[in-house]
Amino acid sequence: MLFASGGFRVKLYDIEQQQVTNALENIRKEMTFLEQSGSLKGSLGAQDQLSLISGCLNIQEAVEGALHIQECVPENLELKKKIFAQLDQIIDDQVVLSSSTSCLLPSQLFAGLAHVQQCLVAHPVNPPYYVPLVELVPHPETASATVDRTHALMRKIGQSPVRVLKEMDGFVLNRLQYAVISEAWRLVEEGIVSPSDLDLVMSDGLGMRYAFIGPLETMHLNAEGMLSYCDRYSEGMKHVLKTFGPIPEFSGATVEKVNQAMCLKVPADPEHLAARRRWRDECLQRLAQLKRQMPSQ
Ligand SMILES: NC(=O)c1ccc[n+]([C@@H]2O[C@H](COP(=O)([O-])OP(=O)(O)OC[C@H]3O[C@@H](n4cnc5c(N)ncnc54)[C@H](O)[C@@H]3O)[C@@H](O)[C@H]2O)c1
C-alpha cells in the first residue's frame, strides 16, 4: 500500500495463493476505507493505487524489472537465507534487495551473496501505514549508494527512514523498546507500581512527548539546553541508573500478575484483541494526521 501510494507498481509474491488473494482483498477494502475517511496516502486515488498492485506465485516474474525487493517472509534465518540465495541467482546488478527482518543481522542474512553490495535491512514498524519509521541497516559490504537509494525511496513513499550506521542486535528501536519493557517489568515485579498504572505512565506521560520529540531533544528542552541538562541532572540520573536491576526472567508470578491485569483490560481472545488493535490503529491514524499538521521544523 505504501509503495503504491508513491505511484510505484507493486507485485506481491507468496507461496500461498490464498495469502495473495486475501492480501489483495484486504488492500482493496483498506484503501477504499482510507479514501472515504480522507486518510489515503499519496496523490493518486484508491482505484489508481489499486491498479498498481498485482499478485503472483512466480518469484522470477515477481522480481523482473524491479527497482526494489522488500522481503517479508517469516522471521526464520534459514528460510530467509534460502530466499536470498534464490534471488541472488536471478536479480540484476541494479535492484535493491531489502529485508523486513526485526531481529536478524545483515551479516547473517546476506553472508556470501554475490549481490551483497545491493543488500540491506529496511525494518518497518507495525502498522507501517501509520507509523512511518524505517530502520536502514547495512551489511558491512553494502554499498553506500544502496542505503542512499533506499533512504530516498522511503522518503518518496512518505516513510521516515533512519540510518543505523553499524549492525547491532535489536537495531535501535527494539533496543530502546526492550530497555523500557525491562524497567517496566522490574518496577511491577518489585511492587513499586501496578501493571495498569505502569502503562499509564507511558501513555499519559512520557509517550505524549515522545510522539513529537525524542529523549535527547527532551533533555535539551527540559533545561537551558543539553549542556545545562547534563550539568544539572547527570548526577541524579546516574544515581537512579545504578539502582536498575538485572535482566528480568519474564516468567513466574510476575507474568501471571501482568497477564491478569492486561486481560482485565483486553481479554486475550481473538475478537477482543482485534477490536483493540483496530482502536489502536485509529488512534495512530489520527496521531499521524496531527503530526502532518504540525511540521517538525
Ligand atoms: N508483523 C510485524 O509487526 C512486523 C513488523 C516489522 C517487521 N516484521 C518482519 O516482517 C517479516 C514478516 O513478518 P509477518 O508478521 O508479516 O509474517 P507472516 O507470517 O504474517 O507472513 C509471512 C508471509 O510469508 C509467506 N511465505 C512463507 N514462506 C515463503 C516463501 N518461501 N516464499 C514466499 N513467501 C513465503 C507466508 O505465506 C506469509 O504470507 C518478518 O521478518 C518480521 O520480523 C514484522
Side-chain angles (χ1 to χ4, degrees), residues 1-4 10-30 53-64 66 68-91 95-111 113 119-139 150 153-154 157-162 164 167-178 180-181 266 270 273-274 276-285 288:
M1 286 168 65
L2 286 164
F3 289 117
V10 180
K11 281 197 191 149
L12 299 177
Y13 163 72
D14 205 293
I15 46 171
E16 299 275 347
Q17 173 65 57
Q18 198 56 44
Q19 289 291 86
V20 176
T21 309
N22 291 349
L24 291 171
E25 179 56 17
N26 286 340
I27 290 170
R28 191 186 60 73
K29 281 193 199 146
E30 194 73 13
I53 308 176
S54 58
C56 74
L57 294 177
N58 179 312
I59 195 165
Q60 182 102 38
E61 188 193 319
V63 303
E64 197 146 9
H68 179 97
I69 298 169
Q70 187 71 31
E71 168 279 313
C72 322
V73 302
E75 190 76 338
N76 172 314
L77 179 62
E78 289 316 310
L79 174 61
K80 286 191 191 275
K81 283 178 74 166
K82 197 179 104 191
I83 305 271
F84 289 128
Q86 211 179 346
L87 288 167
D88 202 33
Q89 302 288 320
I90 56 177
I91 58 172
V95 65
V96 166
L97 190 46
S98 156
S99 174
S100 299
T101 184
S102 308
C103 302
L104 303 170
L105 295 176
S107 58
Q108 299 171 317
L109 284 171
F110 306 129
L113 297 184
C119 297
L120 83 172
V121 165
H123 172 225
V125 185
N126 200 31
Y129 206 81
Y130 305 123
V131 184
L133 188 84
V134 183
E135 292 182 290
L136 304 182
V137 193
H139 180 280
T150 311
L153 176 65
M154 292 299 163
I157 63 171
Q159 296 302 85
S160 178
V162 293
V164 179
E167 71 172 28
M168 169 61 118
D169 282 312
F171 310 143
V172 175
L173 182 135
N174 275 327
R175 291 184 78 87
L176 289 179
Q177 174 164 242
Y178 296 163
V180 170
I181 288 178
V266 186
L273 290 172
R276 188 68 172 169
R277 287 191 195 109
R278 279 196 299 277
W279 173 81
R280 175 202 65 187
D281 290 355
E282 198 183 326
C283 295
L284 290 171
Q285 183 192 340

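Counting convention: from 1, in listed order, for ligands and their atoms alike. Here the structure is a predicted model, which is why all the values come from computation and not from measurement. The figures that follow rest on heavy atoms only: side chains count, while hydrogens, waters and symmetry mates do not.
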### Query
Do any nitrogen or oxygen atoms of E71 lie less than 3.5 angstrom from nitrogen or oxygen atoms of ligand 1?
no
### Task
Give yes or no for whether the N/O distance cutoff of 3.5 Å, strictly under, is met between E16 and ligand 1.
no
### Message
Please check: side-chain N/O of N58 versus main-chain N/O of E61, any donor-acceptor pairing under 3.5 Å?
### Response
yes
### Query
Yes or no on side-chain hydrogen bond (donor to acceptor under 3.5 Å, both in side chains) for N22 and Q18, after CA distance, side-chain angles and deciding distance?
CA-CA 6 Å; N22 291 349; Q18 198 56 44; 3.0 Å; yes
### Task
State if K80 counts as touching ligand 1 under the rule of any non-hydrogen atom under 4.0 Å.
yes
### Task
Take atom 10 (O) of ligand 1 and look for protein heavy atoms under 4.0 Å from it; say yes if you find one, no if not.
yes
### Query
For atom 6 (C) of ligand 1, which protein heavy atom lies nearest, and how many Å away is it?
P124 O, 3.2 Å
## Note on the structure
Taking only non-hydrogen atoms of N126 and a 4.0 Å limit, the atoms of ligand 1 in range are 3 (O)
### Message
Once you restrict to heavy atoms under 4.0 Å, what part of L104 touches ligand 1? Side chain, backbone, both or neither.
### Response
neither
### Query
Per the salt bridge (charged side-chain N to carboxylate O under 4.0 Å, His left out) rule, which among K80, K82, K81 passes with E71?
K80
### Task
Take L109 and L77 through the side-chain contact (heavy atoms from CB on, under 4.5 Å) test and state the conclusion after the steps.
CA-CA 7 Å; L109 284 171; L77 179 62; 3.9 Å; yes
### Task
Please name the pair of heavy atoms, one in A111 and one in S107, separated by the smallest distance, quoted to 0.1 Å.
CB-O, 3.3 Å
### Closer than 4.0 Å: a protein non-hydrogen atom to atom 43 (O) of ligand 1
yes
## Note on the structure
The atoms of ligand 1 lying under 4.0 Å from a heavy atom of L79, numbered in the order shown, are 28 (N), 31 (N)
### Query
L2 and I157: which non-hydrogen atoms are nearest, and at how many Å?
O-CB, 3.6 Å
### Message
Assess, by modelled atom type and distance only, whether the side chains of T21 and Q17 contain a donor and an acceptor separated by less than 3.5 Å.
### Response
yes
### Task
Look at the aromatic rings of H68 and F3 and report parallel, tilted or perpendicular, splitting at 30° and 60°.
tilted
### Message
Could you check whether any side-chain N or O of E135 sits under 3.5 Å from a backbone N or O of V125, counting only pairs where one atom can act as donor and the other as acceptor?
### Response
no
### Summary
At under 4.0 Å between heavy atoms, what of V125 touches ligand 1? The answer is neither
### Query
Would a search of protein heavy atoms around atom 28 (N) of ligand 1 find one under 4.0 Å away?
yes
### Query
Checking side-chain contact (heavy atoms from CB on, under 4.5 Å) for the pair E75/T101: CA distance, chi angles, key distance, verdict?
CA-CA 6 Å; E75 190 76 338; T101 184; 2.8 Å; yes
### Query
Mind checking whether E167 and P138 have side chains closer than 4.5 Å, heavy atoms only?
no
### Task
Give the atoms of ligand 1, by number and element, whose distance to some non-hydrogen atom of Q19 is under 4.0 Å.
37 (O), 38 (C), 39 (O)
### Query
Is the shortest N/O to N/O distance between E75 and ligand 1 below 3.5 Å?
yes
### Query
Which heavy-atom pair separates F171 from L104 by the least distance, and what is that distance?
CZ-O, 3.4 Å
### Message
Please tell me if atom 39 (O) of ligand 1 is touched by the protein, where touching means a protein heavy-atom distance below 4.0 Å.
### Response
yes
### Summary
ligand 1 atoms nearer than 4.0 angstrom to some heavy atom of H123 are 6 (C), 7 (C)
### Query
Looking at atom 21 (O) of ligand 1, what's its closest protein heavy atom, distance included?
C72 O, 4.2 Å
### Query
Considering only protein heavy atoms, which is closest to atom 32 (N) of ligand 1, and at what distance to one decimal place?
I83 CD1, 3.5 Å
### Query
Checking Q108 side chain against L105 main chain: does a donor-acceptor pair fall under 3.5 Å?
yes
### Query
What protein heavy atom sits nearest atom 37 (O) of ligand 1, and how far off is it?
D14 OD1, 2.7 Å
### Query
Does the protein put a heavy atom less than 4.0 Å from atom 34 (N) of ligand 1?
yes
### Query
Hey, is ligand 1 close enough to S102 that some N/O pair sits below 3.5 Å?
yes
### Query
Identify the closest protein heavy atom to atom 24 (O) of ligand 1: which residue and atom is it, and at what distance?
P74 CD, 3.5 Å
### Query
Are any non-hydrogen protein atoms located under 4.0 Å from atom 3 (O) of ligand 1?
yes
